[in-house]
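We number each residue from 1, following the sequence as shown.
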Amino acid sequence: MQNPFLIKEKSVISFSGGRSSAFMLYKILEAHNFKLPDYLSVIFCNTGKEMPQTLNFVEACSKNWNIDIVWLEYTGKKSFKEVNYKTASRNGEPFEQLIIDRKYLPNMMARFCTSELKVLTIERYMDSEFSTVVGIRADEPRRVAKMRNKDNYFVPLADAQVTEKQIDAFWQQQDFDLAMPPAGVNTLSNCDLCFLKGGKIKQSIIEHNPKLADWWIKQENYMGSFFRSDQPSYSKMKIIATDQGQLFDFDDESIACFCGD
């Protein structure tokens with residue numbers, strides 16, 4: 001049986017900056033004797049709203065495993081730039097530029113933030129045909145099925161029947177780790193207050209760090225609209241968190257996106 005981590009065609013290893021995609025990267029490195037062939041690229045797309053721990057983790061993977069990771073950022077319509085750990089945006093600049101360009105907020109029906117900030121940015125960088133390798137585990141069946149229905153997407157973690165438990169065990173044995181809770185309780189992965197996250201999760205994050213809401217409030221005020229109509233605005237959530245306690249019931253279901261774990 002072929003090793004699912006042995007990639008034999010031109011591909012992008014899409015690195016989200018989470019434990020699962022980092023484990024996938026390690027297994028791919030292992031399958032290639034820790035020296036990736038030229039036809040494989042490791043790419044991390046920074047939205048500017050990742051948590052600092054995520055950026056630290058991406059850099060740690062690069063240094064500890066001696067692997068080049070390409071950092072990309074959206075800079076405007078059909079444009080991007082290559083950055084690094086030191087020069088990467090940390091105040092939401094790529095995401096904010098996208099909102100300015102689109103003139104409306106991404107929402108439940110138009111989740112263009114993922115496609116523009118990540119998927120299309122990678123395509124523009126590659127500028128040729130390639131396959132995409134994503135870190136979706138076997139215990140994420142709905143996401144696996146969605147990816148299998150797409151052309152030119154590989155899900156080696158799912159093919160190898162890797163679960164979150166195995167990934168947690170792997171990181172417990174390493175000299176470094178993502179400085180956030182495991183995926184099962186990790187509310188801070190991907191964009192810090194992504195509108196796809198459940199209401200209770202966002203409320204909890206704001207209660208622990210109210211300043212994180214400010215960028216999202218700025219975007220809603222700038223556009224005069226909301227990321228979601230079925231949850232309180234970010235401004236209201238910050239008021240609840242800082243002054244009034246929990247006054248609202250929230251739908252606590254988070255929705256997965258390409259950003260991955």
Side-chain angles (χ1 to χ4, degrees), residues 11-29 36 40-74 80-95 98 111 113-122 125 132-137 140 143 147 153-157 162 164 167-168 170-171 174-194 196-197 201 205 209 212 215 254-261:
S11 302
V12 166
I13 301 166
S14 181
F15 188 19
S16 72
R19 287 187 179 91
S20 293
S21 62
F23 175 82
M24 178 186 72
L25 173 58
Y26 180 88
K27 297 298 289 184
I28 293 172
L29 284 167
L36 292 185
L40 292 182
S41 301
V42 185
I43 299 180
F44 168 68
C45 290
N46 180 41
T47 67
K49 288 304 294 172
E50 268 77 28
M51 293 296 293
Q53 295 95 322
T54 298
L55 304 186
N56 295 343
F57 185 58
V58 174
E59 181 72 353
C61 289
S62 178
K63 289 184 175 180
N64 280 274
W65 298 338
N66 193 30
I67 177 70
D68 291 330
I69 298 177
V70 177
W71 293 50
L72 300 179
E73 290 184 358
Y74 173 94
F80 65 90
K81 67 179 178 181
E82 189 171 345
V83 297
N84 56 41
Y85 175 72
K86 291 183 179 179
T87 63
S89 300
R90 287 167 166 81
N91 297 300
E93 295 92 336
F95 201 163
L98 175 61
R111 291 155 54 177
C113 46
T114 298
S115 60
E116 285 286 351
L117 297 174
K118 295 179 179 288
V119 180
L120 293 176
T121 292
I122 290 174
Y125 172 81
T132 302
V133 189
V134 293
I136 299 178
R137 306 182 308 267
E140 300 176 288
R143 298 181 69 198
M147 287 299 167
Y153 272 77
F154 296 145
V155 284
L157 292 180
V162 173
E164 182 183 342
I167 290 172
D168 287 346
F170 169 82
W171 287 110
Q174 303 308 304
D175 295 331
F176 72 101
D177 192 4
L178 176 63
M180 289 194 285
V185 294
N186 179 10
T187 62
L188 293 170
S189 61
N190 308 327
C191 291
D192 49 32
L193 285 170
C194 174
L196 297 177
K197 293 180 179 180
I201 288 175
I205 294 171
N209 191 345
L212 287 180
W215 183 90
S254 295
I255 299 170
C257 73
F258 178 86
C259 300
D261 174 35

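Inter-residue side-chain proximity for Leu29 and Leu36 is flagged as met; some heavy-atom pair is nearer than 4.5 Å. Side-chain atoms of Glu82 and Leu72, non-hydrogen and from C-beta on, do get closer than 4.5 Å to each other. Taking the side chain as every heavy atom from C-beta outward, Trp71 and Glu59 approach each other to under 4.5 Å. Using a 4.5 Å heavy-atom cutoff, the side chains of Cys61 and Phe176 are in contact. Side-chain contact between Leu157 and Ile136: absent, with no pair of heavy atoms (C-beta onward) separated by less than 4.5 Å.
Between the side chain of Lys118 and the main chain of Thr47, no donor-acceptor pair closer than 3.5 Å is present. In terms of modelled atom types and a separation under 3.5 Å, the side chain of Glu73 and the main chain of Val83 share no donor-acceptor contact. In terms of modelled atom types and a separation under 3.5 Å, the side chain of Asn46 and the main chain of Gly48 share a donor-acceptor contact. Ser62 places no side-chain N or O within donor-acceptor distance of the main-chain N or O of Asp68, the cut-off being under 3.5 Å. Although no hydrogens or angles enter the test, the distance criterion places no donor-acceptor pair under 3.5 Å between the side chain of Ser16 and the main chain of Ser21.
Atom NZ in Lys49 sits 6.0 Å away from atom CG in Leu212 (nearest 0.5 Å). Residue Tyr26 holds its OH atom at 11.0 Å from CG of Asn64, rounded to the nearest 0.5 Å. Within the model, atoms CZ of Phe44 and CD1 of Ile69 stand 9.0 Å from one another, a figure rounded to the nearest 0.5 Å.
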**Request:** Using the salt bridge (Lys or Arg N to Asp or Glu O under 4.0 Å) rule, take Arg19 and Asp168 through it: C-alpha gap first, then chi angles, then the decisive distance, then the call.
**Result:** CA-CA 8 Å; Arg19 287 187 179 91; Asp168 287 346; 5.3 Å; no

**Request:** Please step through side chain to side chain contact (heavy atoms under 4.5 Å, CB included) for the pair Leu55 and Tyr85, ending with a clear verdict.
**Result:** CA-CA 7 Å; Leu55 304 186; Tyr85 175 72; 4.2 Å; yes

**Message:** I'd like to know whether Glu116 forms a side chain to side chain contact (heavy atoms under 4.5 Å, CB included) with Thr121, so could you lay out the CA-CA distance, the side-chain angles of the two residues, the decisive distance to 0.1 Å, and finally the verdict.
**Reply:** CA-CA 6 Å; Glu116 285 286 351; Thr121 292; 5.8 Å; no

**Request:** Please step through side chain to side chain contact (heavy atoms under 4.5 Å, CB included) for the pair Cys45 and Ile122, ending with a clear verdict.
**Result:** CA-CA 8 Å; Cys45 290; Ile122 290 174; 3.5 Å; yes

**Request:** Let me see the working for Val12 and Tyr125 under side chain to side chain contact (heavy atoms under 4.5 Å, CB included), right down to the final yes or no.
**Result:** CA-CA 11 Å; Val12 166; Tyr125 172 81; over 6 Å; no

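Checked by atom type, the side-chain pair Thr132/Ser14 shows no donor-acceptor distance below 3.5 Å.
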